[in-house]
Amino acid sequence: MDAEEEHKNKNNKIKIEKLKKMDQETLETLVEIYMRGYEGMREYGGEGESYAKRYLRWCWSKASDGFFVAKDRDRIVGFIVCDNDWHSRYENRIMGAIHEFVVDKGYQGKNVGKKLMDRCLEYLSKYNNKIELWVGEKNKKAIEFYEKLGFKVVGKSGIWVRMVKDLKMELDAQTKEKQQS
């Protein structure tokens with residue numbers, strides 16, 4: 001088996017599933033992934049492990065139904081928190097939101113983030129026609145990733161960039177395209 005086949009086989013073993021429970025062991029694993037994900041960008045990752053624990057517990061309490069993990073066999077290698085009931089103060093209405101999205105360093109660039117985001121968008125599209133997220137302004141790789149998925153930069157606050165994806169507009173464009181073909 002050559003390296004490319006091996007990569008494909010390894011990638012196919014990644015499963016995306018809803019997080020079933022937030023016990024201490026799971027929380028510790030998520031915090032480790034979170035901390036590694038923000039290496040070199042600490043200004044976006046809060047004030048360390050105790051902050052990360054509080055923040056991830058808040059994410060679980062706010063959006064446990066949309067808390068998805070990527071697993072390589074039984075090992076969590078990434079997660080995304082998708083909130084279908086977020087009040088955006090910028091739009092003054094309820095919309096979807098992505099509160100956190102981290103893929104472990106060793107799994108970045110291997111389609112794991114795309115799989116997590118696909119699952120999140122599938123979930124949020126059942127409830128929302130618009131989704132917002134915030135990303136650190138220096139996190140160019142993430143901004144490019146989001147833009148490829150149809151998110152648009154719509155604002156900035158301090159070191160954060162606000163991005164929005166309009167699912168209704170996207171769906172209308174796809175419907176129009178189908179009607180024309």
Side-chain angles (χ1 to χ4, degrees), residues 7-38 44-46 49-88 91 93-136 139 141-142 145-151 162-168 170-171 174:
H7 172 73
K8 282 180 184 170
N9 285 345
K10 184 177 184 181
N11 198 29
N12 288 337
K13 289 178 187 158
I14 300 294
K15 300 279 184 260
I16 307 302
E17 58 187 56
K18 188 175 152 187
L19 185 64
K20 291 168 188 68
K21 63 181 182 195
M22 181 66 85
D23 57 17
Q24 193 59 36
E25 185 183 344
T26 303
L27 181 61
E28 296 292 335
T29 300
L30 296 174
V31 167
E32 285 173 24
I33 293 167
Y34 178 90
M35 296 306 291
R36 282 194 297 269
Y38 283 101
Y44 305 123
E49 285 187 31
S50 63
Y51 167 84
K53 283 180 184 174
R54 282 192 314 276
Y55 176 54
L56 292 172
R57 281 190 194 111
W58 175 83
C59 285
W60 178 250
S61 69
K62 176 69 180 99
S64 60
D65 201 43
F67 203 124
F68 300 99
V69 292
K71 285 187 168 181
D72 183 355
R73 296 179 188 84
D74 289 332
R75 184 171 162 246
I76 296 173
V77 297
F79 62 94
I80 192 165
V81 182
C82 319
D83 186 347
N84 67 17
D85 187 32
W86 179 249
H87 182 269
S88 170
E91 306 216 6
R93 70 185 190 100
I94 299 295
M95 58 193 296
I98 298 172
H99 293 305
E100 193 55 57
F101 180 33
V102 185
V103 175
D104 211 347
K105 287 265 194 242
Y107 286 83
Q108 291 177 6
K110 297 180 178 168
N111 221 22
V112 176
K114 175 87 171 74
K115 286 181 173 188
L116 277 165
M117 185 59 84
D118 287 349
R119 183 67 186 91
C120 178
L121 294 176
E122 175 190 322
Y123 169 77
L124 289 177
S125 69
K126 294 175 188 170
Y127 307 95
N128 312 100
N129 59 14
K130 235 178 184 182
I131 300 165
E132 79 173 7
L133 62 81
W134 290 84
V135 59
N139 195 347
K141 210 166 89 174
F145 174 78
Y146 297 136
E147 286 176 333
K148 282 181 189 165
L149 294 169
F151 284 85
R162 181 171 178 260
M163 299 184 80
V164 170
K165 181 175 175 80
D166 190 328
L167 297 173
K168 184 181 178 341
E170 209 171 84
L171 192 62
Q174 288 171 355

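What's counted below: heavy atoms across the whole structure, side chains too, no hydrogens, waters or symmetry copies. On a predicted model such as this, the values are computed, not experimentally measured, just so you know.
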Disulfide bond (SG atoms under 2.5 Å apart) partners of residues 57-88, not counting sequence neighbours, each pair once: C82-C120
Set of residues satisfying side-chain hydrogen bond (donor to acceptor under 3.5 Å, both in side chains) with respect to W86, sequence neighbours excluded: E132
Salt bridge (Lys or Arg N to Asp or Glu O under 4.0 Å) partners of R54, counting only residues at least two apart: none
Any residue meeting salt bridge (Lys or Arg N to Asp or Glu O under 4.0 Å) with R119, in chain and number order, not counting sequence neighbours: E122
Side-chain heavy atoms of E100 within contact of Y55, under 4.5 Å: yes
Contacts of E32 that satisfy side-chain hydrogen bond (donor to acceptor under 3.5 Å, both in side chains) - sequence neighbours left out: none
Minimum side-chain heavy-atom gap K115-I14 below 4.5 Å: yes
Which residues share a salt bridge (Lys or Arg N to Asp or Glu O under 4.0 Å) with K126, sequence neighbours left out: none
Residues that N139 engages under side-chain hydrogen bond (donor to acceptor under 3.5 Å, both in side chains), provided they are two or more places apart: none
D23: side chain to side chain contact (heavy atoms under 4.5 Å, CB included) partners, not counting sequence neighbours: K21, E25, T26
Non-neighbouring partners of R73 that pass side chain to side chain contact (heavy atoms under 4.5 Å, CB included), sequence neighbours left out: K13
Residues which pass salt bridge (Lys or Arg N to Asp or Glu O under 4.0 Å) with D85, listed by chain and number, not counting sequence neighbours: none
Any residue meeting side chain to side chain contact (heavy atoms under 4.5 Å, CB included) with S125, in chain and number order, not counting sequence neighbours: L167
Any residue meeting side chain to side chain contact (heavy atoms under 4.5 Å, CB included) with Q24, in chain and number order, not counting sequence neighbours: L27, E28, K53, R57
